[in-house]
Amino acid sequence: MPETIEELVRQAIAAAQQAGDLAEFEVEDCGVERPADTDHGEWTSTVALRSARLARTAPAKIAQAIIAHMPASPAIAKVEVAGPGFINFYLNAAANNEIIRTVREQGMDFARVDEGHGLKVNYEFISANPTGPLHVGHGRWAALGDSMCNVLEHAGYHVDREYYINDHGSQMDVFGGSVVTRYLQLIQIMREDGCDVATAYDKLLADREAYVEDENDEHPENHPFMDAFNEALGGNSYGGDYIVEIAREFVESDGDKWVDADADERANEFRERAYQAMLGRIRATCDASRCPFDLWFSERSLYVKDESGTSQVDRAFKRLDDMGHLYSTDDGALWFRSTTFGDDKDRVLVKSNGEYTYFASDVAYHWNKFQRDDYSIDLWGADHHGYIARVTNVCDAMGYEGKFEVDLGQFVNLLRNGEPVRMSKRRGTMVSYQELLDEVGVDAARYTLISKSANQTIDFDIEAVKKQSSSNPVFYVQYAHARVCSILRRAAGVTEEQAAEMGMDAVAKQAIGEDYDLSLLTDPTELQLGRKISSLPDLIASAARDRAPFRLTHYVEELASDFHGFYNACQVLPSEGRPVAEDLSRARLAACDAVRITLALCLKLIGVSAPEVMRREEQVEE
RNA sequence: GCGCUCGUAACUCAAUUGGAUAGAGUAUCGGACUUCUAAUCCGCCGGUUGAGGGUUCGAAUCCCUCCGAGCGCACCA
């Protein structure tokens, strides 16, 4: 439709200029947009405003000249000039509602746009260290990243979803060492108390809890194990409950066989098995939040030598060196000349002690990405923003200028009933994402985490999100979907079970039939449905372009609101005292069905389920 | 000190990137159910877009200066 309008406007301008009613000027873009306010028609052209200077004429006057020469079009009911010079187009009902048929034909392929032109994008997100569970902040990247990928794919990009596992650095040894220490403590308690592992486990957790509470160390007698743990590891440790949990798994599967084992062998075994256990938990949490990855990329793999005797790190370094971007200092450190690209200082790749920095891995990793994809996007927490410059610079240096992008996500503040969830220094990081998912459910968690612009911090109130009430937009939207399904089921004369069996598309087909006349839908609330649904392709394109999947949550709330308004104003099925003509009823059913499909599609893109049935009994009593 | 992200209704946020009278939800208040599921709808109230300048037909949006909040400025990962 915008193409049609654009063409009409161009013809009108040419005709007006030919007739001498309008000064000659070149038109680049007619600025066909959707008016913010639906009172202003379905489409508007800002060409008169844009051309005011070129034409040396007041915008309103230009607009008048243009509409005087506007060719007639079957789809357009009315064209008028409004405000400072907007040219507003009002579609007739049939043209406006045609989108309903389109949606029903295209289903989940509706609103596919070609914003990306098939560009191969590597989208890396979460990438939390495998030394602890995902926390709520990671949950935001999960929701955001996954939704972003869905939107990009719908907008014509080819997306590879990637999780980068930081399994290389010394923190892995610290992690393994922490589990060993906890393991030894469990065995010690079992031997001294003659108890089973469950009892020993509880004792260690209670000990840790006492330690967390005792911030000023006034009662060291209440947490001897935590103190011993810290002493054994010199404070360089992971103290969380999950470490004790993993240690317990070692006791359960291996008994006490590692107590007197060779320390190095034990350290290796524990590090590797604990790593896999932790990674398993992380994957499970990603699965639970409907966040799949195409590739789990191991940092270690960057250091593995191939047949040529070189690793990916070596090859990436060689590339940089060949291009003259590396240098060594007398102490043996290797540097990347980041200042060439405007950084504050050069950055170390290899430390003077011979160890590789985290940055070295990132250089090789991004080089690797560009061997596989055309464009690379990293989703990072806002606290890493200081790191953007050096990675961008190194991508530029390797010859991939303009092909690397970082999307930042601000933090999540966790609240409960308006009060910040207390996070003491000793408790370390916060509530795990898995716990949050378990408490509020995936739908509410994802919806809430995605519903705000990524560069806004989120106040996530657990109680408010959990509350299944009208104040919670996710239920409002899901209810609209369930309500449509209910109507369609009733129209088709099928039970919930039968509908679940045959699928809603088949139910809708049975209810509506093949032919229906969309020109019958002329009520303002009916026209609004077509208008709103028609705007989705543009919205998807903009959400992809601006990396703003949260716009879908706003859209879906608006569409649900439009539907509820329609539902209250227009009877779909005839009932006692409210007759509806058969052909009008079927046209309204088709509109309902288009709403259902559009809602389901949008919810799918943001990873939220679209329930076909919702019952009030499920509501939580206050 | 430098950098990044912000500051919009009482609260939580929008405003498709420079467009029309800055919009939604929540909360408060007032209406609509023996219903095609009221987890709904309709209405009222609510604004100097942190402050001050500038750019132009037009600014919440772009530029400058302040004020305030959060987060960064490692041979840590």
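Keep in mind that this is a model prediction, so the values were computed, not measured. Naming: A, B, ... by sequence-line order, numbering from 1 per chain.
Applying the 4.0 Å criterion to OP1 and OP2 of G19(B), one finds that Thr46(A) has every side-chain N and O outside that range. OP1 or OP2 of G70(B) has not a single side-chain nitrogen or oxygen of Gln456(A) nearer than 4.0 Å. The phosphate of C76(B) has OP1 or OP2 within less than 4.0 Å of a side-chain N or O from Lys351(A).
A donor and an acceptor atom sit less than 3.5 Å apart, one in the side chain of Asp331(A) and one in the base of C75(B). Donor-acceptor pairing under 3.5 Å, judged by distance alone, is absent between the side chain of Asp362(A) and the base of A77(B). With hydrogens and angles left out, the side chain of His385(A) and the base of G3(B) share a donor-acceptor pair within 3.5 Å. A donor N or O paired with an acceptor N or O is found under 3.5 Å between the base of U17(B) and the side-chain atoms of Asp546(A).
Atom pair Arg578(A):CZ and C33(B):C1' shows a separation of 11 Å (rounding to whole Å applied). Atom CG in Leu415(A) sits roughly 10 Å away from atom P in C13(B) (whole-Å rounding). Atom C1' of nucleotide C42(B) and atom OH of Tyr567(A) are separated by 16 Å, given to the nearest angstrom. Atom CG of Asp383(A) is separated from atom C1' of C4(B) by 12 Å (rounded to the nearest Å). Rounded to an integer number of Å, the gap from CD of Glu526(A) to P of C36(B) is 18 Å. Taking atom CZ on Phe566(A) and atom P on C36(B), their separation rounds to 14 Å, with Å as the unit. Asn413(A) places its CG atom 12 Å from the P atom of U12(B), with the value rounded to the nearest Å. Across the protein-nucleic acid pair, Asp461(A) atom CG and U26(B) atom P stand 17 Å apart, rounded to whole Å.
Closest heavy-atom contact between Ala491(A) and Ala511(A): CB-CB, 3.7 Å.
Between Tyr358(A) and Tyr387(A), the ring planes are tilted. Angles from 30° to 60° get that label.
We find that Arg586(A) and Asp583(A) are not joined by a salt bridge, their nearest charged nitrogen and carboxylate oxygen being 4.0 Å or further apart. Using a 4.0 Å cut-off between a side-chain N of Lys or Arg and a carboxylate O of Asp or Glu, Asp461(A) and Arg416(A) do not qualify as a salt bridge. Electrostatic pairing of Arg551(A) and Asp546(A) counts as a salt bridge here, judged by a charged N lying under 4.0 Å from a carboxylate O. Ion pair Arg34(A)/Glu42(A) not flagged as a salt bridge, since none of the NZ, NE, NH1 or NH2 atoms sits closer than 4.0 Å to an Asp/Glu carboxylate oxygen.
Geometrically, Arg483(A) engages Tyr567(A) in a cation-pi contact, judged by NZ or CZ lying under 6.0 Å from the ring centre and within 45° of the ring axis.
Across all strands shown, Asp538(A) has no heavy atoms under 4.0 Å from either base or sugar-phosphate atoms.
Anti is the conformation of U28(B), whose glycosidic angle sits further than 90° from 0.
For RNA chain B, runs of at least 3 consecutive pairs of the Watson-Crick or G-U wobble type, with both hydrogen-bonding distances under 3.5 angstrom, map to B:1-7 with B:67-73, B:10-13 with B:23-26, B:29-32 with B:40-43, B:50-54 with B:62-66.
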